[in-house]
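Single-structure report; data block below.
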Amino acid sequence: MPLERITVDPGRMGGLPCIRDTRVTAIAVVGQLAAGRSIDDVLGDYPYLEREDMLAALEFAAAAVSKRER
């Protein structure tokens with residue numbers, strides 16, 4: 001399940017959702033993709049991340065927006 005790649009730890013990055021216990025926040029990834037950068041561009045900046053991490057960040061953002069709309 002892609003959302004298993006998103007972790008929340010109150011002691012890391014102020015409790016913001018991060019990708020696989022790294023210090024890369026889901027919103028940082030989503031923001032870069034929303035700004036027009038490609039998945040490959042973002043992966044070039046964070047070589048320790050995987051394509052599935054990018055998709056998990058997008059899925060996480062979509063779920064968060066969906067939850068707020070209800």
Once you round to the nearest 0.5 Å, how far does CD1 of I39 lie from CG of L49?
11.5 Å

Are L43 and F60 co-members of a hydrophobic cluster defined by side-chain heavy atoms under 4.5 Å apart?
yes

Judged by atom type as modelled, is there a donor-acceptor pair below 3.5 Å linking the side chain of D53 to the main-chain atoms of E50?
yes

Once rounded to the nearest 0.5 Å, what's the spacing between atom CD of E59 and atom CZ of R5?
11.5 Å

Test of understanding: with side-chain contact (heavy atoms from CB on, under 4.5 Å), list the residues that count as partners of D9, not counting sequence neighbours.
R12

What is the minimum heavy-atom distance between P17 and V8, and which atoms define it?
CA-CG2, 3.9 Å

Got a second to check how far L3's CG is from L55's CG, nearest 0.5 Å?
11.5 Å

Distance-only criterion, 3.5 Å: show the donor-acceptor pairs between side-chain atoms of residues 22-31 and protein atoms not counting sequence neighbours.
from : atom 1 : to  : atom 2 : distance (Å)
T22  : OG1    : I19 : O      : 2.6
T22  : OG1    : V24 : N      : 3.1
T25  : OG1    : A28 : N      : 3.1

Decide whether Y48 and I6 are clustered together by the hydrophobic rule: side chain heavy atoms of Ile, Leu, Val, Met, Phe, Trp, Tyr closer than 4.5 Å, transitively.
yes

Of the non-hydrogen atoms in Q32 and Y46, which two are nearest, and what is the gap between them?
NE2-OH, 3.4 Å

